[in-house]
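Report on one structure; see the data block that follows.
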Amino acid sequence: MAKRDYYDILGVQRNASEQDLKSAFRKLAKEHHPDRNPGDKDAEQKFKELNEAYEILKDPQKRGAYDRFGHAAFDGGMGGRGPGGGGGFGPDFASSMSDIFDDLFGEFMGGRRGPQNRSGRERGADLRYNMEITLDEAFTGKTAQIRVPTSVTCETCSGSGAKSGTKPTTCATCGGAGKVRASQGFFTIERTCPTCQGRGETITDPCPTCSGAGRILKERTLSVNIPAGVEDGTRIRLSGEGEAGLRGGPAGDLYIFLSIKPHEFFQRDGADIFCRVPISMTTAALGGQIEVPTLEGAMSRVKIPEGTEGGKQFRLKGKGMPVLRSNAAGDMYIQVEVETPKNLTRRQRELLEEFEKESRKETSPESTGFFARMKDLFEGKS
């Protein structure tokens with residue numbers, strides 16, 4: 001069966017740019033990736049075709065040969081050999097495809113490769129630290145001290161990985177380039193140097209403290225500034241406070257993930273604070289004043305009008321949470337709950353029964369009207 005045209009597989013024109021090729025491959029490869037299509041043989045075959053097409057067209061030399069000779073440039077039809085040294089795709093092709101997957105699917109699959117320059121000074125990994133704070137601390141903000149176990153630059157060798165008095169030497173295999181080339185038929189394949197692993201240097205006499213890594217494990221104490229108004233799930237980034245890079249490479253970042261403990265009395269909704277306050281039946285009926293605490297630490301008076309019903313909310317403007325990176329603040333809402341009297345004395349019961357007899361219709365119009373309508377409804381049905 002004849003192979004499909006590589007440009008058709010990727011859905012691009014023959015004059016497509018390198019970025020167009022990469023974008024097309026990224027989109028289609030994610031769509032047909034086996035992890036997203038478990039058990040789908042058709043998707044698996046398309047995924048293989050995409051990999052093969054992109055591997056050829058992303059390389060200027062391979063693309064030029066394909067444009068001139070088509071598939072014959074790689075299947076032995078021109079007397080040459082495939083990218084793996086034989087009639088198909090061998091280990092070199094698999095190795096190069098690994099780099100493509102790391103680049104395109106690292107984030108999709110949950111991983112990420114750290115940047116590395118030609119000297120092998122790899123960027124250190126990012127670190128995560130989970131911190132729990134109280135609602136009061138989120139209201140006022142705070143400066144916290146945290147202890148983070150991480151890799152730090154080795155002081156003995158200053159991160160070089162070489163023993164004191166010595167230096168890394170240029171790799172004899174790649175001449176310091178970090179890559180080696182091998183002829184494959186019409187083409188020259190470039191691979192990471194197997195001797196220095198792409199660093200371009202080798203250490204013949206490693207540092208005894210870090211064993212040549214240029215970093216050691218150590219617990220660090222850091223100061224973290226938590227601004228007022230932070231919300232649950234807020235992420236704070238400390239640049240350069242992550243894991244030290246290999247052999248003097250730049251450090252990663254430290255991310256502080258905040259969670260806020262539930263409060264005994266207050267509930268938060270964005271910048272607003274809600275508080276449920278029980279009041280007596282007499283206060284609800286006759287009216288009065290109550291004092292409620294705020295996150296500022298002071299007490300605020302709330303006027304309860306005569307005849308207040310349970311569930312009524314009262315707003316205290318500006319008494320909520322501060323809004324992050326602004327001078328504004330939310331509001332505080334007091335929701336009153338009318339408490340039914342319990343453990344009545346004989347005299348109290350007599351007074352309530354007398355009150356019920358004398359003023360039910362006038363003082364409880366809603367309940368009176370409800371039961372009257374209910375009675376009319378069922379009498380009408382009967």
With a cut-off of 6.0 Å (strictly less than), are more than 12 heavy atoms of other residues, nucleotides or ligands near [atom1] of [X]?
X: Glu190; atom1: CD; answer: yes
X: Glu18; atom1: CD; answer: no
X: Arg4; atom1: CZ; answer: yes
X: Arg14; atom1: CZ; answer: yes
X: Gln145; atom1: CD; answer: yes
X: Glu155; atom1: CD; answer: no

Would you check if there is a donor-acceptor pair between the side chains of [Y] and [X] at a distance under 3.5 Å?
X: Asp5; Y: Tyr66; value: yes
X: Glu52; Y: Tyr6; value: yes
X: Ser17; Y: Asp20; value: yes
X: Thr282; Y: Ser280; value: yes
X: Gln289; Y: Glu291; value: no

Which of these passes side chain to side chain contact (heavy atoms under 4.5 Å, CB included) with Ile273: Leu316, Ile334, Leu295?
Leu295
So if I apply the side chain to side chain contact (heavy atoms under 4.5 Å, CB included) rule between Ile9 and each of Leu57, Asn51, Leu50, which one comes out positive?
Leu50
Do [X] and [Y] have side chains that get closer than 4.5 Å, going by heavy atoms?
X: Val336; Y: Phe314; result: yes
X: Arg128; Y: Asn130; result: yes
X: Lys163; Y: Pro208; result: yes
X: Val277; Y: Cys275; result: yes
X: Ser239; Y: Glu241; result: no

Same cluster (ILVMFWY, side-chain, under 4.5 Å), [X] and [Y]:
X: Val224; Y: Val148; value: yes
X: Val152; Y: Leu254; value: no
X: Leu286; Y: Met281; value: no
X: Phe265; Y: Tyr333; value: no
X: Val323; Y: Phe266; value: no

Give the minimum heavy-atom separation between [X] and [Y], together with the two atoms involved.
X: Ser300; Y: Lys319; answer: OG-CE, 4.1 Å
X: Val180; Y: Thr192; answer: CG2-O, 4.3 Å
X: Val338; Y: Thr308; answer: CG2-O, 4.1 Å
X: Gly242; Y: Ala251; answer: O-CB, 4.3 Å
X: Ala228; Y: Leu324; answer: O-CD1, 3.3 Å
X: Ile203; Y: Gly212; answer: CD1-O, 3.9 Å

With salt bridge (charged side-chain N to carboxylate O under 4.0 Å, His left out) as the test, would you mind laying out the steps for Arg268 and Asp232 before giving the verdict?
CA-CA 10 Å; Arg268 180 181 182 179; Asp232 191 81; over 6 Å; no
Chi angles and distances behind the ring pair (Phe, Tyr, Trp, His ring centres under 6.0 Å) call for Tyr129, Phe257:
CA-CA 6 Å; Tyr129 185 93; Phe257 284 79; over 10 Å; no
State whether [X] and [Y] are salt-bridged, where the test is any N-O pair (Lys NZ or Arg NE/NH1/NH2 against Asp/Glu carboxylate O) under 4.0 Å.
X: Arg346; Y: Glu350; result: yes
X: Glu31; Y: Lys46; result: no
X: Asp253; Y: Arg123; result: yes
X: Asp331; Y: Lys317; result: no
X: Glu243; Y: Arg215; result: yes

Main chain of [Y], side chain of [X]: is a donor-acceptor contact present, judged purely on distance under 3.5 Å?
X: Asp272; Y: Met332; value: no
X: Glu137; Y: Thr134; value: yes
X: Thr169; Y: Thr202; value: yes
X: Thr140; Y: Asp136; value: yes
X: Thr294; Y: Ala298; value: yes
X: Thr234; Y: Val230; value: no

Within this structure, what is the [atom1]-[atom2] distance for the pair [X] and [Y], rounded to the nearest 0.5 Å?
X: Phe139; Y: Glu296; atom1: CZ; atom2: CD; result: 4.5 Å
X: Arg68; Y: Arg63; atom1: CZ; atom2: CZ; result: 15.5 Å
X: Lys312; Y: Ile279; atom1: NZ; atom2: CD1; result: 11.5 Å
X: Ile146; Y: Glu219; atom1: CD1; atom2: CD; result: 10.5 Å
X: Ser164; Y: Asp205; atom1: OG; atom2: CG; result: 10.0 Å
X: Ile236; Y: Ile256; atom1: CD1; atom2: CD1; result: 7.0 Å

Describe, in one word, how the ring planes of Phe47 and His33 are oriented to each other, choosing from parallel (under 30°), tilted (30 to 60°) and perpendicular (over 60°).
perpendicular
Walk me through it: do Glu49 and Lys3 pass the test salt bridge (charged side-chain N to carboxylate O under 4.0 Å, His left out)?
CA-CA 9 Å; Glu49 290 181 344; Lys3 283 188 176 181; over 6 Å; no
Checking Lys48 against Glu44 for the salt bridge (charged side-chain N to carboxylate O under 4.0 Å, His left out) test, could you report, in this order, the C-alpha distance in whole Å, the side-chain angles of both residues, the deciding distance, and whether it holds?
CA-CA 6 Å; Lys48 291 179 180 179; Glu44 182 179 349; 3.8 Å; yes
Intermediate values then yes/no, salt bridge (charged side-chain N to carboxylate O under 4.0 Å, His left out), Lys62 and Glu55:
CA-CA 9 Å; Lys62 295 179 182 179; Glu55 167 63 14; 2.7 Å; yes
